[in-house]
Number of protein chains: 2
Amino acid sequence: MKTSTQERKQYLEPAQGCVCFNLRKSARAITQLYEEALRPTGLRATQFSLLVATRLHGVATINRLAKSLVMDRTTLTRNLKPLENQGFLRTTPGSEDRREREVTLTIAGQDILSKALPLWKQVQQQVTKALGQTRVDRLLKDLSATIEVIEGS
Amino acid sequence: MKTSTQERKQYLEPAQGCVCFNLRKSARAITQLYEEALRPTGLRATQFSLLVATRLHGVATINRLAKSLVMDRTTLTRNLKPLENQGFLRTTPGSEDRREREVTLTIAGQDILSKALPLWKQVQQQVTKALGQTRVDRLLKDLSATIEVIEGS
DNA sequence: ATATAATAAGAGTATATACACCTATTGTTG
DNA sequence: CAACAATAGGTGTATATACTCTTATTATAT
């Protein structure tokens, strides 16, 4: 394939400047680091976040959890499966509205979360130290702004 | 499950402050927006990035492509499949080193990329306008820094 | 030159992601 | 109350992601 400088140049921006690509790329990279840290627990990054979110909700439904995670409802359903299978989460039909499913942490779920928490703290501190607190705070704020922009679209 | 304020508080940070979770969450959100924009082409966000990266490489091997995308080699192999099946990419055994596979864009691949480029430009501009050029530039720089930190770990 | 080490890449398995379509339950309206 | 609309959630399918193990080829050491 012959390629002129001109032809190639128009694809530098979609590579280096693409917000989507660079966010996905960074997410892949950081996920590696966090999953390595969480490996002693056997939890994946998403699974840790799901347990934390469930813990914070107390009693959560699929829709509410999905909304708070900015995750498709059907994705969440699938992601809950391995955690249910391992006995970390329990889902029961809604007591008032039987269409709903109530998701709660089990004792085993609380235990694994307690084990995971210090490992998370360690890797989070490692990242914070390497990037600097200022940059981490700025990054988190910019990420929040990005999500708000998208949800407003 | 009884939950004291004290117990719950320790999980606010792993939710709101976790670099990994928030990067993944933002990646999910922004992917939705870009994939909606690219829908007329049938390309997913990753597929668009793969075509762009291949275009920039001219001739790429699996390892080199994977490295530049910060993507696991085996992930890349899987991601190439749908693009090969649709005839957008071709992979051939390396001419000098037969262990390698050379990945190149086909004519059909160049065509779909030409169709996708203006759609990408539009959504990228939309995001840039909404976030502001300053914040986009800052975000991209911070994301790069994040990746560098991880690769240095 | 051959045995061995190193490198490039694929396959098996498991999780993550979301769209389109479907079912069950609840709410609403005549 | 019965018909219909709205809502909560699951399934089928396809892609995305990466770890472990395996094969094929190349490089190296004796």
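First the proteins, then the strands, lettered A, B, ... as listed; each starts at 1.
- Counting non-hydrogen atoms under 4.0 angstrom, Thr31(B) reaches nothing in the nucleic acid.
- A pairwise comparison of heavy atoms in Glu35(B) and Ala45(B) identifies OE2-N, 2.9 Å as the closest pair.
- Nucleotide dT15(D) holds its P atom 18 Å from the CG atom of Leu69(B), rounded to whole Å.
- The 12-atom threshold is not exceeded at CD of Gln122(A), counting heavy atoms of other residues, nucleotides or ligands nearer than 6.0 Å.
- The nearest whole Å value for the distance from the CG atom in Asn63(A) to the P atom in dT7(D) is 11 Å.
- Put simply, the residue from His57(A), Arg73(A), Met71(A) that forms a side chain to side chain contact (heavy atoms under 4.5 Å, CB included) with Leu65(A) is His57(A).
- Taking atom CE of Met71(B) as the reference point, atom C1' of dA16(C) lies 14 Å away to the nearest angstrom.
- Within the 4.0 Å cut-off from OP1 or OP2 of dG10(D), at least one side-chain nitrogen or oxygen of Thr77(A) is found.
- An OP1 or OP2 oxygen of dT17(D) is reached within less than 4.0 angstrom by no side-chain nitrogen or oxygen of Gln32(A).
- Residues Leu80(A) and Arg64(B) each lie close to DNA chain C; by heavy-atom proximity, the contact nearer the 5' end of the strand is made by Arg64(B).
- When the side-chain nitrogen and oxygen atoms of Thr75(A) are compared with OP1 and OP2 of dA16(C), none of them lie within a distance under 4.0 Å.
- Candidate nucleotides dA8(C), dA9(C), dA8(D) were compared by shortest atom distance to the side chain of Arg99(B), and dA8(C) ranks first.
- One can place CG of Asn79(B) at 5 Å from C1' of dA16(D), the figure rounded to the nearest angstrom.
- Atoms CZ (Arg98(B)) and C1' (dT23(D)) sit 15 Å apart, rounded to a whole Å.
- Residue Glu35(B) is the one, among Arg39(A) and Glu35(B), whose nearest nucleotide of DNA chain D lies closer to the 5' end (criterion: closest heavy atom).
- The closest side-chain heavy-atom distance from Leu51(A) to Tyr11(B) is not below 4.5 Å.
- At the phosphate of dA16(D), neither OP1 nor OP2 sits under 4.0 Å from any side-chain N or O atom of Arg24(A).
- Arg28(A) has a side-chain polar atom (N or O) that falls below the 4.0 Å cut-off from OP1 or OP2 of dT17(D).
- Side-chain contact between Phe48(B) and Leu113(B): present, with at least one pair of heavy atoms (C-beta onward) separated by less than 4.5 Å.
- Using a 4.0 Å cut-off, no side-chain N or O of Arg44(B) falls inside it from OP1 or OP2 of dT17(C).
- Counting any heavy atom pair closer than 4.0 Å across all strands shown, Arg73(B) reaches a base atom.
- The interatomic distance linking Asp72(B) (CG) with dT13(C) (P) rounds to 18 Å, in whole Å.
- When the side-chain nitrogen and oxygen atoms of Arg78(B) are compared with OP1 and OP2 of dA11(C), none of them lie within a distance under 4.0 Å.
- The distance between atom CG of Asp97(B) and atom P of dT7(C), rounded to the nearest whole Å, is 12 Å.
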